[in-house]
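Only one structure is covered here, and it is reproduced in the block below.
Nothing fancy with the numbering, it's 1 onward along the sequence.
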Amino acid sequence: MPVHTLSKKDYETYKTKAYFLARQLAPGYPCEELIGWGMVSLSKSLNQYVPDGKMCLHSYIVQNMKWDILDAIRTMRLESRDEIKKGVTYHEVSIDDMENLPESPKVDTDVLDLRRAVEKLPKLRRKYIKAYIEFDDREAAARSIGISLDCGHQHHWQAIRSLRTILTDDRSSV
């Protein structure tokens with residue numbers, strides 16, 4: 001399979017295209033992560049493109065980038081199909097309606113143990129989450145383990161996604 005290369009200018013053009021696709025397709029989601037998915041898609045598209053006369057390289061890249069960003073959005077959104085099957089649901093509530101919140105569900109702490117779930121996280125992410133729980137502040141947690149605030153935000157986001165998966169996939173093993 002032929003591998004296509006890009007100039008620095010073309011790379012920046014596709015990075016900008018990934019930004020615009022991320023803003024267009026998911027205005028409420030973390031833009032940097034979606035741009036990252038778009039750039040992974042760019043690399044994948046350059047490796048997989050076969051010129052057959054049906055689609056030019058640019059169209060192929062942009063279409064695949066759009067599909068991959070949409071796939072990333074599906075994995076990040078609340079209430080995936082798998083979670084619905086498992087009975088995990090979420091309710092968005094206006095701040096004005098805080099007194100009318102539904103009753104919190106009963107949680108069996110013998111089955112759902114956050115401490116054991118945190119221990120299953122990768123080492124740096126686990127250190128960050130433990131620091132976050134201790135300080136109750138993202139900036140202090142990031143500073144305490146020697147990473148930047150932006151990196152701390154990424155670890156926070158990824159840890160929440162991982163913990164959600166760990167706690168909902170196999171509740172008996174947590």
Side-chain angles (χ1 to χ4, degrees), residues 11 14-15 18-19 21-48 64-95 98 101-174:
Y11 175 83
Y14 285 114
K15 188 173 181 181
Y19 170 80
L21 284 170
R23 296 291 8 112
Q24 177 188 24
L25 298 171
Y29 286 84
C31 190
E32 293 80 18
E33 186 165 338
L34 295 176
I35 292 170
W37 281 104
M39 299 315 288
V40 168
S41 176
L42 171 65
S43 175
K44 186 174 72 173
S45 296
L46 288 172
N47 290 329
Q48 294 176 349
N64 282 315
M65 195 178 283
K66 184 176 181 179
W67 288 339
D68 287 337
I69 289 173
L70 285 170
D71 286 342
I73 293 166
R74 287 184 191 104
T75 62
M76 288 191 291
R77 73 172 184 227
L78 295 177
E79 271 186 2
S80 68
R81 288 184 211 135
D82 288 337
E83 290 173 334
I84 292 170
K85 287 179 190 173
K86 294 173 186 173
V88 177
T89 59
Y90 303 89
H91 301 282
E92 291 187 32
V93 178
S94 168
I95 293 177
M98 291 298 279
L101 287 175
E103 184 178 323
S104 297
K106 304 280 188 265
V107 176
D108 185 359
T109 56
D110 292 333
V111 175
L112 207 62
D113 188 352
L114 183 60
R115 285 189 198 108
R116 281 190 278 168
V118 167
E119 292 302 321
K120 292 181 178 184
L121 293 173
K123 184 179 178 181
L124 187 57
R125 199 160 292 144
R126 180 175 58 242
K127 284 173 62 175
Y128 174 81
I129 288 299
K130 286 181 178 180
Y132 175 71
I133 290 170
E134 178 184 343
F135 296 114
D136 195 26
D137 180 55
R138 290 182 191 179
E139 190 172 340
R143 201 176 324 113
S144 74
I145 63 169
I147 61 174
S148 69
L149 182 58
D150 289 338
C151 190
H153 287 303
Q154 276 291 27
H155 280 295
H156 191 87
W157 173 254
Q158 293 295 332
I160 289 170
R161 290 179 61 203
S162 298
L163 287 170
R164 186 172 87 183
T165 301
I166 291 168
L167 293 170
T168 58
D169 274 354
D170 186 15
R171 293 182 183 199
S172 62
S173 70
V174 177

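Atom OH of residue Tyr132 and atom OG of residue Ser144 lie 13.0 Å apart, to the nearest 0.5 angstrom. Taken to the nearest 0.5 Å, the CD1 atom of Ile147 stands 9.5 Å off from the NZ atom of Lys127. Arg125 contributes atom CZ, which lies 11.0 Å from atom CD1 of Ile160 (distance to the nearest 0.5 angstrom). Between the CD1 atom in Ile145 and the CG atom in Leu124 there is a gap of 4.5 Å [rounded to 0.5 Å]. Atoms CD and CD1, from Glu119 and Ile166 in turn, are 10.5 Å apart once rounded to the nearest 0.5 Å.
Of all heavy-atom pairs between Leu163 and Val118, the closest is CD2-N, 3.8 Å. Listed here is the closest heavy atom pair of Ser41 and Asp68: OG-OD2, 2.7 Å. Across all their heavy atoms, Ile69 and Ala18 have their closest contact at CD1-O, 4.0 Å. When all heavy atoms of Ser45 and Asn64 are compared, the pair lying nearest together is OG-CB, 3.3 Å. Between Met39 and Lys15, the shortest heavy-atom distance links the atoms SD-CA, 3.6 Å.
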Checking side chain to side chain contact (heavy atoms under 4.5 Å, CB included) for the pair Leu42/Met65: CA distance, chi angles, key distance, verdict?
CA-CA 7 Å; Leu42 171 65; Met65 195 178 283; 4.1 Å; yes

Steps toward side chain to side chain contact (heavy atoms under 4.5 Å, CB included) verdict (Leu25, Leu34):
CA-CA 10 Å; Leu25 298 171; Leu34 295 176; over 6 Å; no

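Taking the side chain as every heavy atom from C-beta outward, Lys44 and Asn47 never approach each other to under 4.5 Å. Counting heavy atoms from C-beta on, the side chains of Arg126 and His155 never come closer than 4.5 Å.
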Please set out all donor-acceptor pairs under 3.5 angstrom arising from side-chain atoms of residues 134-142, sequence neighbours excluded.
from: Asp137; atom 1: OD2; to: Ala140; atom 2: N; distance (Å): 2.9
from: Arg138; atom 1: NH1; to: His153; atom 2: ND1; distance (Å): 3.2
from: Arg138; atom 1: NH2; to: His156; atom 2: NE2; distance (Å): 3.4

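Under the salt bridge (Lys or Arg N to Asp or Glu O under 4.0 Å) criterion, the residue pairs touching residues 23-37 are Glu33-Arg161, with sequence neighbours excluded.
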